[in-house]
**Student:** 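Encoded as structure tokens, here's the structure I'll be asking about.
It should be emphasised that the depicted structure is a prediction, and the values quoted were computed from it without experimental measurement.
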Amino acid sequence: MTDLTPNSTFLIAGIVFITIAVIGQSKLGFIEINPGCFGRFLALFIGISSLLYALGLLNLSGGTFDLLRTSLTEQIKQSISSINELLQGS
């Protein structure tokens, strides 16, 4: 058998969690899966996150995180200033 890389591990985990989210309550042989509403939502979130990480779309480094944070703070400041201008102009 080949080596199990982190990408393939996250890919398999994502598929399993999305399957649990879609199927929901089922009985597979001696295993019974009954996640409930919150469990299905959580499985969907974990599954999508795992698939995105496996595809490399969620692989954020520290530098990327800092860039994203500064960009968001600048956009929030611009939005607040434009909202203030709208309110003062009315």
**Student:** Where the side chain of Ser82 meets the backbone of Ser79, is there a donor-acceptor pair that is under 3.5 Å apart?
**Tutor:**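 Looks like yes, one N/O pair under 3.5 Å.
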**Student:** Out of curiosity, does Val22 fall in the hydrophobic cluster containing Ile48 (side-chain heavy atoms, cut-off under 4.5 Å, transitive links)?
**Tutor:**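 Yes: a chain of side-chain contacts under 4.5 Å links Ile48 to Val22.
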**Student:** Is it true that Ile15 and Leu44 fall in one hydrophobic cluster, defined by side-chain heavy atoms closer than 4.5 Å?
**Tutor:**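 Shared cluster, yes.
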**Student:** Out of curiosity, Leu51 CG to Ile18 CD1, how far, rounded to the nearest 0.5 Å?
**Tutor:**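 If we round to the nearest 0.5 Å, Leu51:CG and Ile18:CD1 are 4.5 Å apart.
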**Student:** Just verifying a value: how many Å separate Tyr53 OH and Thr9 OG1, rounded to the nearest 0.5 Å?
**Tutor:**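 Tyr53 OH to Thr9 OG1: 10.5 Å, rounded to 0.5 Å.
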**Student:** Atom CD1 of Ile46 and atom CD1 of Ile20: how far apart are they, to the nearest 0.5 Å?
**Tutor:**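 Separation between the atoms: 9.0 Å.
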**Student:** Working to the nearest 0.5 Å, report the span between CD of Gln25 and CZ of Arg40.
**Tutor:**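 Gln25 CD to Arg40 CZ: 9.5 Å, rounded to 0.5 Å.
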**Student:** Is the shortest side-chain heavy-atom distance between Leu52 and Ser49 below 4.5 Å?
**Tutor:**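 No; the side chains remain at least 4.5 Å from each other.
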**Student:** Report the distance from atom CD of Gln75 to atom OG1 of Thr70, rounding to the nearest 0.5 Å.
**Tutor:**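 Taking CD in Gln75 and OG1 in Thr70, the distance rounds to 10.0 Å.
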**Student:** Is Ile12 reachable from Ile23 through a run of hydrophobic residues whose side-chain heavy atoms are each under 4.5 Å from the next?
**Tutor:**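 Different clusters: Ile23 never reaches Ile12 through Ile, Leu, Val, Met, Phe, Trp or Tyr contacts under 4.5 Å.
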**Student:** Minimum heavy-atom separation for Phe10 to Ser50, with atom names?
**Tutor:**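 Taking every non-hydrogen atom into account, O-CB, 3.5 Å.
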**Student:** Scan Thr19, Ile33, Asn34 and name whichever one has a side-chain contact (heavy atoms from CB on, under 4.5 Å) with Ser26.
**Tutor:**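 The residue from Thr19, Ile33, Asn34 that satisfies side-chain contact (heavy atoms from CB on, under 4.5 Å) with Ser26 turns out to be Ile33.
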**Student:** How far does CG of Leu42 sit from SG of Cys37, to the nearest 0.5 angstrom?
**Tutor:**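 It comes to 11.5 Å.
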**Student:** Between Thr73 and Arg69 (side chain of the first, backbone of the second, donor and acceptor by atom type, cut-off under 3.5 Å), is there such a pair?
**Tutor:**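 Between the backbone of Arg69 and the side chain of Thr73 there is a qualifying donor-acceptor contact (under 3.5 Å).
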